[in-house]
Amino acid sequence: MLDINFIRQNSEEVKKGVAAKNVNPQLVDDFLVLDNEWRELVKETDDLRAEQKKLSEERKINEAKELKNKIQNLEERLKQVETERQKILYQLPNLPLEDVPVGKNESEDIVLREVGEKLSFDFEPKDYLELAEKLDLIDIKRASKVSGSRFGYLKNQAALLEFALIKLALDTAAKHGFTPIIPPVMIKEEMMKGMGYIQSSMLDEEVYFLRDDDLVLVGTSEQSLGPMHSDEIFEEKDLPKRYVAFSTCFRREAGSYGKDTKGILRVHQFDKIEMFIFSLPENSLKEHLLMLKIEEELMRELGIPYRVVQLCTGDIAQPSASTYDIEAWLPGQNNGKGQYRETHSTSNCTDFQARRLNIRYKPLKPKTQNLKPNYVHTLNGTAFAIGRMLIAIIENYQQKDGSVLMPKVLQKYLGFKKIE
RNA sequence: GGAAGGUUGGCAGAGUGGUCUAAUGCGCCGCACUUGAAAUGCGGUUGAGGAGAAAUCCUCUCGGAGGUUCGAAUCCUCCACCUUCCGCCA
């Protein structure tokens with residue numbers, strides 16, 4: 001949610017930002033019209049209420065009675081206008097930061113750097129699924145028998161690899177002051193909305209809804225971590241608050257029929273280690289870069305070639321003001337020619353989520369000033385999306401004989417060096 | 001799933017229809033006293049919204065949403081959460 005005062009005072013700037021994110025800027029004007037009407041109605045009802053209160057205290061019961069009806073009518077109108085205004089406000093996306101490249105879609109994203117050496121194989125690199133099925137690591141066929149499409153069983157060393165990756169991610173994040181946490185994966189619908197991920201229609205398309213219990217399954221633990229501190233006020237000295245969470249993630253993938261249907265690249269259920277930070281506003285750029293740094297550190301430690309992509313305005317999600325993706329090099333894709341695929345994403349959501357969730361901090365105040373609580377900034381970033389990391393490891397570490405070496409950094413967690 | 005009890009400001013805790021603009025205590029902040037501290041005294045201490053150039057004024061906020069009433073922390077309805085007991089289960 002954007003700052004109402006900011007919209008009032010900087011409508012042109014807001015329109016520009018909204019348009020850059022592919023949302024109709026007309027919404028801003030619609031909002032301002034309703035906001036004006038709302039303010040007039042608030043003034044009118046507040047004044048009448050004050051008068052009625054006075055009459056009531058003076059026991060002028062009949063006069064107060066008359067006012068009561070008037071107020072009730074006004075309140076009804078006020079509520080309507082307020083609802084309309086709120087609806088538009090929730091549709092407005094977070095504004096992109098200044099350094100975010102303007103663009104329509106992913107084709108205008110900017111590759112910042114490529115890191116790591118792509119191995120040249122003296123054989124044709126295979127697709128991870130072919131390798132994994134031979135080594136009995138992934139079973140898609142039985143998963144589809146049991147659960148339908150877009151599911152998979154991870155077996156044998158693949159299952160062990162998941163735990164090794166989890167441990168590596170937790171250990172690395174711990175070095176940077178992250179608190180490990182396992183959050184609920186079922187949350188209230190309103191919390192999901194607070195995170196800016198549900199615009200009314202999206203609920204049915206992307207999110208699993210447990211209608212009997214009014215709960216939704218999270219698509220990422222970010223949705224469970226942000227609301228954790230809703231309606232709370234941090235002390236400035238307690239910020240930044242950094243969490244690293246393990247959770248299963250659930251996605252309906254309704255909008256991606258026919259896309260990536262093979263294997264475990266895009267599935268309805270996968271496990272992910274996610275970082276989440278509550279930060280002082282003035283430090284959120286720094287915290288964002290810290291998460292990107294950790295993501296790159298993890299990729300380098302695993303020895304997987306990757307590139308860092310800065311998403312353009314049209315490609316970043318509704319609540320985000322700035323997003324970087326990391327795409328891992330997958331040599332077995334694209335018929336053995338190789339392809340970059342997204343494995344990590346980190347976003348600075350500035351105060352967009354915090355405002356809606358009402359998460360603030362009390363500034364350390366110089367004695368003379370009495371500063372009010374202010375909204376924190378929230379940031380999120382992938383440490384490991386397990387399925388996609390398995391793919392990257394298997395394809396990059398495959399051997400001519402179909403076996404797969406293990407990245408050195410994982411060997412101490414695994415107790416074996418090779419899958420064959 | 002069944003039964004009972006509860007939810008009040010940073011915390012504890014009073015308050016069962018009209019100065020509740022919520023007692024009292026603790027904590028916290030400021031000031032005074034003091035060499036300094038403690039103790040003591042005085043004052044302040046939820047949050048949000050609106051009007052105004054400002055001083056300031058007004059409205060809302062006692063778990064949430066409705067309702068009754070001229071008037072609700074207080075009465076009614078529904079919901080959420082917490083505690084205890086029973087049942088079931090990891």
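Small disclaimer: the values here were computed from a predicted structure and weren't measured. Naming: A, B, ... by sequence-line order, numbering from 1 per chain.
- The residue A:Lys70 sits apart from the nucleic acid: no heavy atom pair falls under 4.0 Å.
- Spacing between B:U56 and B:C42 at atom C1', rounded to whole Å, works out to 26 Å.
- Distances were taken from every side-chain heavy atom of A:Lys53 (C-beta onward) to each of B:A51, B:C60, B:C58; the shortest belongs to B:C60.
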Listed pairs under 3.5 Å, donor-acceptor, residues 21-46 of chain A side chains, sequence neighbours left out:
| from | atom 1 | to | atom 2 | distance (Å) |
| --- | --- | --- | --- | --- |
| A:Lys21 | NZ | A:Asn94 | O | 3.2 |
| A:Lys21 | NZ | A:Ala317 | O | 2.8 |
| A:Lys21 | NZ | A:Gln318 | O | 3.2 |
| A:Lys21 | NZ | A:Ser320 | O | 2.6 |
| A:Asn22 | ND2 | A:Lys104 | O | 2.8 |
| A:Asn24 | OD1 | A:Gln26 | N | 2.9 |
| A:Gln26 | NE2 | A:Asp30 | OD1 | 3.0 |
| A:Asp29 | OD1 | A:Lys15 | NZ | 3.1 |
| A:Asp29 | OD2 | A:Lys15 | NZ | 3.2 |
| A:Asp35 | OD1 | A:Arg8 | NH2 | 3.0 |
| A:Asp35 | OD1 | A:Arg85 | NH1 | 2.6 |
| A:Asp35 | OD2 | A:Arg8 | NE | 2.6 |
| A:Asp35 | OD2 | A:Arg8 | NH2 | 3.4 |
| A:Trp38 | NE1 | A:Glu82 | OE2 | 3.0 |
| A:Lys43 | NZ | A:Asp47 | OD2 | 2.9 |
| A:Thr45 | OG1 | A:Leu41 | O | 2.7 |
| A:Thr45 | OG1 | A:Val42 | O | 3.1 |

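- Using Watson-Crick or G-U wobble geometry with both donor-acceptor distances under 3.5 Å, B:G71 finds no partner in any strand shown.
- Map A:Val42 and A:Leu55 each onto its nearest nucleotide of RNA chain B; the residue landing nearer the 5' end is A:Val42.
- The side chain of A:Ser56 sits closest to B:G18 out of B:G50, B:C60, B:G18.
- Going from the P atom of B:C62 to that of B:A4 covers 27 Å, rounded to whole Å.
- With B:U59, B:G47, B:C70 as the choices, the nucleotide that has an atom nearest any side-chain atom of A:Arg360 turns out to be B:G47.
- A gap of 7 Å separates the C1' atoms of B:A80 and B:G64, to the nearest Å.
- Separation of the C1' atoms belonging to B:C60 and B:U34 is 45 Å when rounded to the nearest angstrom.
- A:Lys293 meets the salt bridge (Lys or Arg N to Asp or Glu O under 4.0 Å) test with no other residue; sequence neighbours excluded.
- With distances taken from any side-chain atom of A:Ala50 to the nucleotides B:G50, B:A80, B:C58, the minimum falls on B:C58.
- Pair assignment for B:A22: none, as no Watson-Crick or G-U wobble contacts are both less than 3.5 Å.
- Rounded to whole Å, the separation between the P atoms of B:A14 and B:G25 comes to 15 Å.
- In this structure, of B:A51, B:G18, B:C58, it is B:A51 that holds the atom nearest to the side chain of A:Arg39.
- A:Gln52 comes within contact range of the sugar-phosphate backbone alone, with a heavy-atom separation under 4.0 Å but no base atom that close.
- In terms of position along RNA chain B, the nucleotide closest to A:Asp47 lies nearer the 5' end than the nucleotide closest to the other residue of the pair A:Asn62 and A:Asp47.
- Nucleotides B:C79 and B:G30 have their C1' atoms positioned 44 Å apart, rounded to a whole Å.
- Rounded to whole Å, the separation between the P atoms of B:C26 and B:U83 comes to 30 Å.
- When distances are taken from the side chain of A:Lys65 to each of B:C70, B:U59, B:A51, the shortest belongs to B:C70.
- The side chain of A:Lys68 approaches B:C70 more closely than any other nucleotide in the set B:G50, B:C70, B:C60.
- When both pairing distances are held under 3.5 Å, B:A3 makes a Watson-Crick or G-U pair with B:U84.
- In A:Phe6, the CZ atom is crowded: over 12 heavy atoms of neighbouring residues, nucleotides or ligands sit closer than 6.0 Å.
- Taking CD of A:Gln86 as the start and CD of A:Gln91 as the end, the distance is 11.5 Å to the nearest 0.5 Å.
- Between B:C70, B:C60, B:G50, one nucleotide has an atom nearer to the side chain of A:Arg8 than all others, and that is B:G50.
- A:Asp325 and A:Ser345 share a donor-acceptor pair across their side chains, judged by distance under 3.5 Å alone.
- Judged by Watson-Crick or G-U wobble contacts below 3.5 Å, the nucleotide B:C42 has B:G30 as its partner.
- In summary, A:Lys188 and A:Glu190 do not engage in a salt bridge, as defined by a charged side-chain N under 4.0 Å from a carboxylate O.
- The nucleotide B:U56 finds its pairing partner in B:A51, both defining distances of the Watson-Crick or G-U wobble pair being shorter than 3.5 Å.
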